Amino acid sequence: MSTRVTAHINLDALKHNFQRVKDYAPNAKVMAAIKGNAYGHGMLEVATGLPEVDMLAVERPAQAYQLRDHGIEQPIIVLGGFDDELELQEMAAQGIMSVVHTTAQVSLLENTDLIQPIAIWAKLNTGMNRLGFSEQAFSVAYQRLTKLNNIQQPFGLMTHFARADEIDNPATANQVKCFDQMADKELPQSLSNSAAIISRPETHRDYVRPGIMLYGISPFSDQVAEAFDLKPVMTLSSRLIDINVCKKGDAVGYGGTWVCPEDMPVGVVAVGYGDGYPRHAKNGTPVLVNDTICPLVGRVSMDLITVDLRPTPMAKIGDPVVLWGEGLPVETVALHSETIAYELVTKVTERVRRTT
Ligand SMILES: *Cc1c(COP(=O)(O)O)cnc(C)c1O
């Protein structure tokens with residue numbers, strides 16, 4: 001494990017962002033998305049840091065059991081649902097809730113002996129065309145589900161938006177319309193991801209499902225998290241471990257993709273794609289050395305990056321470096337790396353030490 005690269009997880013910021021969700025959706029309960037190891041922030045740390053959340057959403061049953069084994073008591077829902085009888089029985093026995101998105105899962109619910117009824121949310125496909133029942137499939141599934149003793153009645157209904165991050169795109173309103181046509185109004189409903197929590201109050205309904213905003217990251221590519229008073233939870237940091245005094249014309253790193261325009265100091269920072277720093281980060285991606293923005297120069301390698309130290313010429317070996325987080329939004333790094341902030345935080349690797 002690297003002792004140099006650290007992901008500091010600020011639980012006060014997490015609680016603050018949770019409060020922001022409550023401010024936006026005061027009448028809704030909160031189902032917090034902590035899949036992908038809580039978007040790389042540490043599932044257990046985040047679950048422990050959010051004792052007031054109404055429900056935790058994970059990707060597979062294994063994560064739900066892990067949370068229970070560590071004493072997490074909030075209700076837990078498995079977004080991917082169950083694959084077979086054994087999985088269904090175990091989830092029911094452990095009191096884990098499930099998303100149900102296929103007719104095959106409805107059949108399993110009808111044909112499996114359960115120790116106690118399982119709580120489920122049926123997922124409707126309203127336009128994303130990923131998981132969920134189509135309108136026709138659901139009209140049949142709905143009749144079957146309402147008759148089931150194996151599930152807790154009433155069950156919930158959910159859908160997921162494909163384009164809620166595009167504020168003016170009519171696709172989201174169309175999805176809502178489709179949902180309202182399919183949904184029995186008496187059943188609990190859940191529609192909103194972070195983008196819709198912020199921008200579409202009419203979608204809040206019974207449960208909202210924030211992910212990215214809990215981590216202090218903006219769900220919109222053209223607006224920063226600060227604009228919504230969200231605070232970054234993860235700060236990824238390392239140290240300067242060497243400094244090269246380069247001459248004009250020297251090429252830096254693999255492929256020599258960056259050539260020094262003048263005599264200049266080039267700093268070497270102990271972080272690379274082996275830690276989850278994006279290999280596609282371009283020359284010019286901001287890196288904070290001693291709180292000063294220094295542009296990335298040369299290619300990102302597995303364990304190291306190189307930075308232009310001209311903005312902080314007095315920098316010395318051992319000085320602190322922030323890759324993203326407090327003082328440098330991860331969204332900015334994502335823009336320079338042709339990806340989204342979701343991917344950057346989720347891909348922070350195992351060897352990076354998480355501290356709270
Ligand atoms: C990940 C996820 C969310 C959270 O989305 P954000 O954009 O991170 O807020 C909500 N619902 C479902 C079904 C998800 O998979």
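Throughout, residue positions are numbered sequentially from 1 according to the sequence presented. Atoms within a ligand are numbered from 1 in the order they appear, just like the ligands themselves. Fair warning: this is a prediction, and the values are worked out from it, not measured in the lab.
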Same apolar cluster: Val99 and Val106, side chain cutoff 4.5 Å = no
Tell me, please: is Lys123 in heavy-atom contact with ligand 1, that is, under 4.0 Å?
-> yes
More than 12 heavy atoms of other residues, nucleotides or ligands under 6.0 Å from NZ of Lys15: is that the case?
-> yes
Electrostatic pair Arg354-Glu45, nearest N-O below 4.0 angstrom = no
Element-labelled atoms of ligand 1 that are located less than 4.0 Å from some non-hydrogen atom of Tyr39 | 1 (C), 4 (C), 5 (O), 6 (P), 8 (O)
Report the nearest protein non-hydrogen atom to atom 9 (O) of ligand 1: residue, atom name, distance rounded to 0.1 Å.
-> Ser194 OG, 2.5 Å
Identity of the nearest option to atom 15 (O) of ligand 1, non-hydrogen atoms only, from Lys35, His160, Met128 = Lys35
Compute the shortest N/O to N/O distance between Gly211 and ligand 1 and return yes if it is under 3.5 Å, no if not.
-> yes
Of the protein's non-hydrogen atoms, which lies at the shortest distance from atom 11 (N) of ligand 1, and what is that distance?
-> Arg209 NE, 2.9 Å
Can you tell me if Thr172 and Arg163 form a side-chain donor-acceptor pair at under 3.5 Å?
-> no
Under 4.0 Å from one or more heavy atoms of Tyr342, ligand 1 contributes atoms 6 (P), 7 (O), 8 (O)
Taking N or O atoms only and a 3.5 Å limit, does Ile212 qualify as a polar contact for ligand 1?
-> yes
Evaluate whether atom CD1 of Ile115 has more than 12 neighbouring non-hydrogen atoms of other residues, nucleotides or ligands under 6.0 angstrom away.
-> no
How about Glu338: does its CD atom have over 12 heavy atoms from other parts shown lying under 6.0 Å from it?
-> no
